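None of these values were measured; they are calculated from a predicted model. Numbering starts at 1 and runs along the sequence shown.
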Amino acid sequence: MPKNRFTLTSYDPVYVVAKEVKIPEDVIREQALRWLELNLAKNGERAHLSDKWIAERSDDFKSVDDLLIFVRYNMYKDNREVQELSDQDVICRELATRLVEDLPEDLVEESIYAANYRLEDMVSRNGLTVEEFAKQRNMTADELYEDVRERTIESLKEDSALEAYADHAGYTLEAEDFYAIIPGNSIQEKAEKRRQIELDGRLAQMEEYALKTKALKDVMENAMIKRSEHDAEWLRYGDTSTDVLNANKQFPDNFVTL
């Protein structure tokens with residue numbers, strides 16, 4: 001079967017509004033109180049999230065607001081992976097709107113069949129019926145299957161868009177590109193896994209995945225984003241959290257993992 005070829009209407013940077021993943025403020029305050037208990041409270045002393053209590057015991061923070069900026073920064077820094085996945089979802093979805101070709105019907109139907117099979121297998125292994133699983137999510141079985149269908153088609157579009165981007169860029173693959181997608185604790189371990197993949201006859205699929213991963217990296221790095229429609233200017237992809245930037249300026253020596 002000949003390989004499907006895809007193209008995009010444009011290969012210019014993607015422009016998107018990628019909202020920041022917000023951590024609830026009550027969770028941040030709980031973490032701040034925990035930080036006070038671990039770092040400032042004496043044995044048996046109860047910490048208080050108040051300006052007076054903090055100012056009397058800390059050389060770095062003089063108010064609750066000061067401490068919350070510090071804690072918020074660290075929590076968002078630790079939350080970076082969640083933010084990146086959210087950004088990736090928005091950016092890839094926008095890239096997929098540039099896909100010129102329609103998805104082949106046989107590819108769509110095969111992918112939906114496989115997705116439904118995985119869903120039913122997962123539900124069965126958890127001792128549920130599809131109807132029971134759907135009800136837990138406040139859905140009917142038909143709505144659940146439709147959700148799987150929509151997600152599968154969107155995933156195919158995004159995957160095809162990345163493939164088109166990689167073809168247009170004319171990437172060549174280096175050893176580092178393979179190591180980037182192979183799990184392992186060392187280059188030696190990754191290299192051994194790559195050799196095994198080649199022996200198993202799966203290298204072609206691995207090369208396709210490596211090319212798309214390389215395309216994803218370029219698309220993400222070059223994307224222009226706003227965190228809000230009301231932001232005045234577009235910024236290259238990165239963490240544009242106002243809280244993080246403010247904290248970085250205010251407490252440059254205090255950024256340690258909580």
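Here Asp218 does not pair with Lys214 in a salt bridge; the nearest charged N to carboxylate O distance is not below 4.0 Å. Salt bridge present: Arg125 and Asp121 bring a charged side-chain N and a carboxylate O closer than 4.0 Å. Between Arg5 and Asp167 there is a salt bridge, with a side-chain nitrogen of the basic residue lying less than 4.0 Å from a carboxylate oxygen of the acidic one. A salt bridge links Glu192 with Arg195: at least one charged nitrogen is closer than 4.0 Å to a carboxylate oxygen. Glu198 and Arg194 are joined by a salt bridge, as a carboxylate oxygen and a charged side-chain nitrogen come within less than 4.0 angstrom of each other. In this structure, Arg34 does not pair ionically with Glu30, as no charged nitrogen and carboxylate oxygen lie closer than 4.0 Å. A salt bridge is absent between Glu25 and Arg29; no separation between the charged side-chain nitrogens and carboxylate oxygens falls under 4.0 Å. Look at Glu154 and Arg151 and you find no salt bridge, because none of the NZ, NE, NH1 or NH2 atoms lies under 4.0 Å from a carboxylate O. Between Arg227 and Glu20 no salt bridge is recorded (no basic side-chain N to carboxylate O distance below 4.0 Å).
When atom types are taken as modelled, the side chain of Gln83 and the backbone of Val21 share a donor-acceptor pair closer than 3.5 angstrom. In this structure a side-chain-to-backbone donor-acceptor pair under 3.5 Å is missing from Ser58 to Ile54. Judged purely by atom type and a 3.5 angstrom limit, Thr97 uses its side chain to pair as donor or acceptor with the backbone of Glu94. Using modelled atom types, no side-chain atom of Asp147 and backbone atom of Glu143 make a donor-acceptor pair closer than 3.5 Å. Under the 3.5 Å distance criterion, the side-chain polar atoms of Gln31 are left unmatched by any main-chain donor or acceptor of Val71. In this structure, Ser160 contributes its side chain and Leu156 its backbone to a donor-acceptor pair below 3.5 Å. Panel note: side chain Glu45, backbone Ala41; no donor-acceptor pair is recorded below 3.5 Å.
Side-chain contact check for Ile28 versus Leu68: some heavy-atom pair is nearer than 4.5 Å. The shortest side-chain heavy-atom distance between Leu211 and Glu208 does not fall under the 4.5 Å cut-off. Contact of the Asn222 side chain with the Tyr237 side chain is not registered, since no non-hydrogen atoms from C-beta on lie closer than 4.5 Å. Contact check for Glu120 versus Phe133: no side-chain heavy atoms found under the 4.5 Å cut-off. For the pair Ile182 and Met206, the minimum side-chain heavy-atom distance is below 4.5 Å. Between Glu189 and Ser186, some side-chain heavy-atom pair lies under the 4.5 Å cut-off.
With hydrophobic clusters built from ILVMFWY side chains whose heavy atoms lie under 4.5 angstrom apart, Val90 shares a cluster with Tyr165. Leu107 is connected to Tyr209 through a chain of hydrophobic side-chain contacts under 4.5 Å among Ile, Leu, Val, Met, Phe, Trp and Tyr, so both are in one cluster. Both Val27 and Leu36 are part of a single hydrophobic cluster, where members link through side-chain heavy atoms under 4.5 Å apart. Tyr11 and Met220 end up in the same hydrophobic cluster when Ile, Leu, Val, Met, Phe, Trp and Tyr side chains are linked at under 4.5 Å. A single hydrophobic cluster is seen to contain both Met139 and Leu128, as judged by linkage of ILVMFWY side chains at heavy-atom distances under 4.5 Å, directly or through other members.
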Exercise for review: May I have the step-by-step check of side chain to side chain contact (heavy atoms under 4.5 Å, CB included) for His168 and Thr7, ending in yes or no?
Suggested key: CA-CA 8 Å; His168 177 79; Thr7 56; over 6 Å; no
Exercise for review: Mind running side chain to side chain contact (heavy atoms under 4.5 Å, CB included) on His48 and Leu33 for me, showing each step along the way?
Suggested key: CA-CA 7 Å; His48 294 277; Leu33 186 60; 5.9 Å; no
Point to revise | Test log, rule side chain to side chain contact (heavy atoms under 4.5 Å, CB included), inputs Arg46 and Glu37 | key: CA-CA 7 Å; Arg46 182 180 179 184; Glu37 292 172 349; 5.8 Å; no
Practice item. Verify salt bridge (Lys or Arg N to Asp or Glu O under 4.0 Å) between Lys52 and Glu56, making sure each step is shown before the conclusion. Key: CA-CA 6 Å; Lys52 183 175 183 296; Glu56 289 177 349; 2.7 Å; yes
Practice item. Decide side chain to side chain contact (heavy atoms under 4.5 Å, CB included) for Leu144 and Leu119; before the verdict, give the C-alpha distance in whole Å, the side-chain angles of both, and the deciding distance to 0.1 Å. Key: CA-CA 10 Å; Leu144 179 62; Leu119 168 68; 4.0 Å; yes
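The local environment of NZ in Lys19 is sparse, with at most 12 non-hydrogen atoms from other residues, nucleotides or ligands closer than 6.0 Å. Under a cut-off of 6.0 angstrom, the local environment of OH in Tyr145 is crowded, with over 12 non-hydrogen atoms contributed by other residues, nucleotides or ligands. Annotation for Lys62: atom NZ counts as buried by contact number, over 12 foreign heavy atoms lying within 6.0 Å. Atom CD of Gln136 sits in a crowded spot, with more than 12 heavy atoms from other residues, nucleotides or ligands closer than 6.0 Å. Residue Gln205 places its CD atom among more than 12 non-hydrogen atoms of other residues, nucleotides or ligands, all under 6.0 Å distant. More than 12 heavy atoms of other residues, nucleotides or ligands shown are found within 6.0 angstrom of CG on Asp200.
Pairing each heavy atom of Ala134 with each of Ala141, the nearest pair is CB-N, 3.9 Å. Across all non-hydrogen atoms, the minimal contact from Ala215 to Tyr171 is CA-OH, 3.5 Å. Contact detail for Pro183 and Ile181: the closest heavy-atom pair is CD-O, 3.7 Å. Closest of all the heavy-atom pairs between Lys226 and Asp231 is NZ-O, 3.3 Å. In terms of heavy-atom proximity, Val100 sits nearest to Leu8 at CG2-C, 3.7 Å. A pairwise comparison of heavy atoms in Asp51 and Val64 identifies OD1-N, 2.8 Å as the closest pair.
Arg72 forms no cation-pi arrangement with Phe70, by the criterion of a distance under 6.0 Å to the ring centre and an angle within 45° of the ring axis.
With sequence neighbours excluded, no residue forms a side chain to side chain donor-acceptor pair (under 3.5 Å) with Asp89. Arg98 meets the salt bridge (charged side-chain N to carboxylate O under 4.0 Å, His left out) test with no other residue; sequence neighbours excluded.
Annotation: the span from Tyr113 atom OH to Thr152 atom OG1 amounts to 14.0 Å, rounded to 0.5 Å. In this structure, Thr213 OG1 and Leu173 CG are separated by 9.5 Å, a value rounded to the nearest 0.5 Å. Between the NZ atom of Lys157 and the CG atom of Leu95 there is a distance of 13.0 Å, given to the nearest 0.5 Å. To the nearest 0.5 angstrom, Ile225 atom CD1 is 6.5 Å from Ile91 atom CD1. Rounding to the nearest 0.5 Å places NZ of Lys190 at 13.0 Å from CZ of Phe178. The CH2 atom of Trp35 lies 11.5 Å from the CG atom of Leu49; values are rounded to the nearest 0.5 Å.
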